[in-house]
Amino acid sequence: ESGITRPKGYNVSFHCNPDMEKHHFGMTHPMKPWRLTLSKSLIYSYGMSFAMDNYISRAATYEELASFHSTDYLDFLGTVLPEPVPRDLENSNPDLKFNLGGSDCPLFDGLYDYCSMSAGGALDAARKITSKQSDIAIAWGGGLHHAKKAEASGFCYINDIVVAILELLRFYPRVLYIDIDVHHGDGVEEAFFSTDRVMTVSFHKYDPNNFFPGTGALDDNGPKNEHNPGAHHAVNVPLNDGITDEQYDMLFDSIIGKIVEKFRPSAIALQCGADSLAGDRLGRFNLQVQGHGACVEFCKKVGLPLILFGGGGYTPRNVARAWTYETSIAIGCQDNINPLLPQHTPWREQFRQDTLFPTLEQILGEPRQNRNPQKRLQEIVQHISEQLRFVQA
Ligand code: TV1
Ligand code: CA
Ligand code: ZN
């Protein structure tokens, strides 16, 4: 009935957990787990579940989380309770253990469950890949790239990506991590700073004094010490406000193309943070659903085992559109997708326009000024080409 068929010998698995989506960071907090419900409902409305293996993911165990995180941190995360009353800023406790309990990483009801479910989905996806049951595994509830070994950061408490990549490394010699969230993927970069088995690549808005987390300059490329195997294995693509689909996709194809050739990964982990889309509440770019999705399409065409993670994304209707389109790319039905949203889509009024591909004018009114001169983008590609001369597969 949906017209979507499953191409022979090509498996996509979809991992989600409805219980995860019920958690709340707080009324005004930009991170809304409910955006996962909205995304899933659009994906299901298009009938895509019939072309994938669908799994309710389990919660990751303490031992699984401890493959990356320190037990001190996990023990604290498992026992802290939310503040009984919302405290005002004057009386706020500045002594934040493990960076927990501030405004970015608040303590909320069920926090530990939320974290272990996000990591559980990522791990289930990784295991579908390593067992060769799936060619592409999707975990939109994961992608929380800022979390550190013993610290929460930027809405992220548990680094599900690191945990999943560690699982991939049990089976594959080399993993390529790519991050198209508008923020720098600092937690994943740091976790694999000293190994040449993982190359991390982040595209992000870079403005050290005014945009979180402030790291990820073009020449931050791994340990400066030449004898450290991780040297040159961190790639950073610092960008300015207003970058367009055309520029971004040119950069992405050219940089990822060169990296795949040189590093020769055995699998790809792609963080698809949707806050790089135009109209995002926190983002600054002019990307559309098509340009964001083109990155997924490029990775799929490389033909290696692929995990798609979620990540940021603070305007839920845009998040739902992007992750729906990207799910269709994973399945391979993107050329047949009806750009008109299905008539029976739940929460249809949330979407404002009834198209999967709103124009920049529809999203923003006036597009954001593009502060990425072509010359600077060429310098970035040039720097990365030179960096890759030091990389040996
Ligand atoms: C509560 C209520 C928290 C309203 C946080 C925006 C809020 C932000 C809020 C916010 C906000 C950030 C910082 C400043 C570090 C702080 C999932 C020195 C309107 C992957 C994380 C961004 C992005 C953190 C996460 C950032 C991800 N921006 N309103 N907080 N301090 N934190 O700048 O990469 O998308 O903004
Ligand atoms: Ca990024
Ligand atoms: Zn982000």
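Hydrogens, waters and symmetry mates play no part in the numbers below; they use all other heavy atoms, side chains included. Counting convention: from 1, in listed order, for ligands and their atoms alike.
Atom OD2 is the N/O/S atom of D275 found closest to the Zn ion (ligand 3). The atom of H183 nearest to the Zn ion (ligand 3) is ND1, with the search restricted to N, O or S atoms. Looking at D181, its N, O or S atom nearest to the Ca ion (ligand 2) turns out to be O. Closest N/O/S atom of D181 to the Zn ion (ligand 3): OD1. Restricting D179 to its N/O/S atoms, the shortest distance to the Ca ion (ligand 2) is reached by OD1. Note on H183: its N/O/S atom closest to the Ca ion (ligand 2) is O.
For a distance bound of 3.0 Å, the N, O or S atoms of S202 include one lying that close to the Ca ion (ligand 2). The Ca ion (ligand 2) has F203 among its coordinating residues (N/O/S atom, backbone or side chain, under 3.0 Å). The Zn ion (ligand 3) lies at 2.8 Å or more from every N, O or S atom belonging to H145. Taking 3.0 Å as the threshold, H184 does not count as a candidate ligand of the Ca ion (ligand 2), since none of its N, O or S atoms lies below it.
Ligand 1 has at least one atom lying under 4.0 Å from a heavy atom of S103.
Between D186 and K148, at least one side-chain nitrogen of the basic residue sits less than 4.0 Å from a carboxylate oxygen of the acidic one, meeting the salt-bridge criterion. Ionic pairing of R35 and E21 is not present here: no N-O contact between side-chain nitrogen and carboxylate oxygen is shorter than 4.0 angstrom. The pair E167-R170 meets the salt-bridge criterion, since a charged nitrogen lies less than 4.0 angstrom from a carboxylate oxygen.
The closest protein non-hydrogen atom to atom 20 (C) of ligand 1 is H145 NE2, 3.4 Å. In this structure, the protein non-hydrogen atom closest to atom 36 (O) of ligand 1 is L282 CD2, 3.5 Å. Of all protein heavy atoms, the one lying nearest to atom 16 (C) of ligand 1 is D104 OD2, 3.3 Å. Nearest non-hydrogen protein atom to atom 9 (C) of ligand 1 is P30 CD, 3.5 Å. Nearest protein heavy-atom contact of atom 2 (C) of ligand 1 is T28 OG1, 3.4 Å. Looking at atom 22 (C) of ligand 1, its nearest protein heavy atom turns out to be F212 CD2, 3.6 Å. Nearest non-hydrogen protein atom to atom 17 (C) of ligand 1 is Y314 OH, 3.3 Å.
L166 and Y73 are assigned to two separate hydrophobic clusters, defined by single-linkage of ILVMFWY side chains at heavy-atom distances under 4.5 Å. Follow the hydrophobic side-chain contacts under 4.5 Å out from L304 and you reach V391 in the same cluster. Both W140 and W347 belong to a single network of hydrophobic side chains, linked directly or stepwise wherever heavy atoms of I, L, V, M, F, W or Y lie under 4.5 Å apart. Hydrophobic clustering (ILVMFWY, side-chain heavy atoms < 4.5 Å, transitive): L306 and V198 are in distinct clusters.
Within the 4.0 Å heavy-atom criterion, the part of H183 lying near ligand 1 is the side chain and not the backbone. If you look at V182 next to ligand 1, there are no close heavy atoms at all, none under 4.0 Å. Heavy atoms of P213 found under 4.0 angstrom from ligand 1: none, in either backbone or side chain.
Y177 and D179 share a side-chain donor-acceptor pair at under 3.5 Å. For the residue pair N225/H227, the side-chain donor-acceptor check at 3.5 Å is not satisfied.
Annotation: Q271 places no N or O atom under 3.5 Å from an N or O atom of ligand 1; distance criterion only.
If you look at F25 and Y114, their ring centroids are closer than 6.0 Å. Under the 6.0 Å cut-off for aromatic ring centres, F203 and F252 qualify, their centroids lying closer than that. Checked against the 6.0 Å centroid threshold, Y206 and F211 do not count as a close aromatic pair.
Those atoms of ligand 1 that come under 4.0 Å of a heavy atom in G312, given as number and element, are 17 (C), 20 (C), 35 (O). The distance from ligand 1 to the heavy atoms of M31 drops below 4.0 Å at these ligand atoms: 17 (C). For ligand 1 and D275, the ligand atoms under 4.0 Å from any heavy atom of the residue are 35 (O). Remark: ligand 1 atoms within the under-4.0 Å shell around heavy atoms of H29 are 1 (C), 2 (C), 3 (C).
Under the 4.0 Å distance rule, the nearest protein heavy atom to atom 14 (C) of ligand 1 falls outside the cut-off. Distances from atom 32 (N) of ligand 1 to the protein include at least one heavy-atom value under 4.0 Å. Counting protein heavy atoms under 4.0 angstrom from atom 6 (C) of ligand 1 gives one or more.
Contact of the K205 side chain with the D241 side chain is registered, since non-hydrogen atoms from C-beta on lie closer than 4.5 Å.
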Would you please test E386 and K258 for salt bridge (charged side-chain N to carboxylate O under 4.0 Å, His left out) and show each step?
-> CA-CA 11 Å; E386 284 164 23; K258 290 186 210 306; over 6 Å; no

Begin with the C-alpha distance, continue with both residues' side-chain angles, and end with the deciding distance and a verdict on side chain to side chain contact (heavy atoms under 4.5 Å, CB included) for I384 and L388.
-> CA-CA 6 Å; I384 294 170; L388 290 175; 4.2 Å; yes

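The residue from F155, F212, Y157 that alone fulfils the side-chain contact (heavy atoms from CB on, under 4.5 Å) condition with H146 is F212.
A donor-acceptor pair under 3.5 Å is absent between the side-chain atoms of D160 and the main chain of S118, judged by distance alone.
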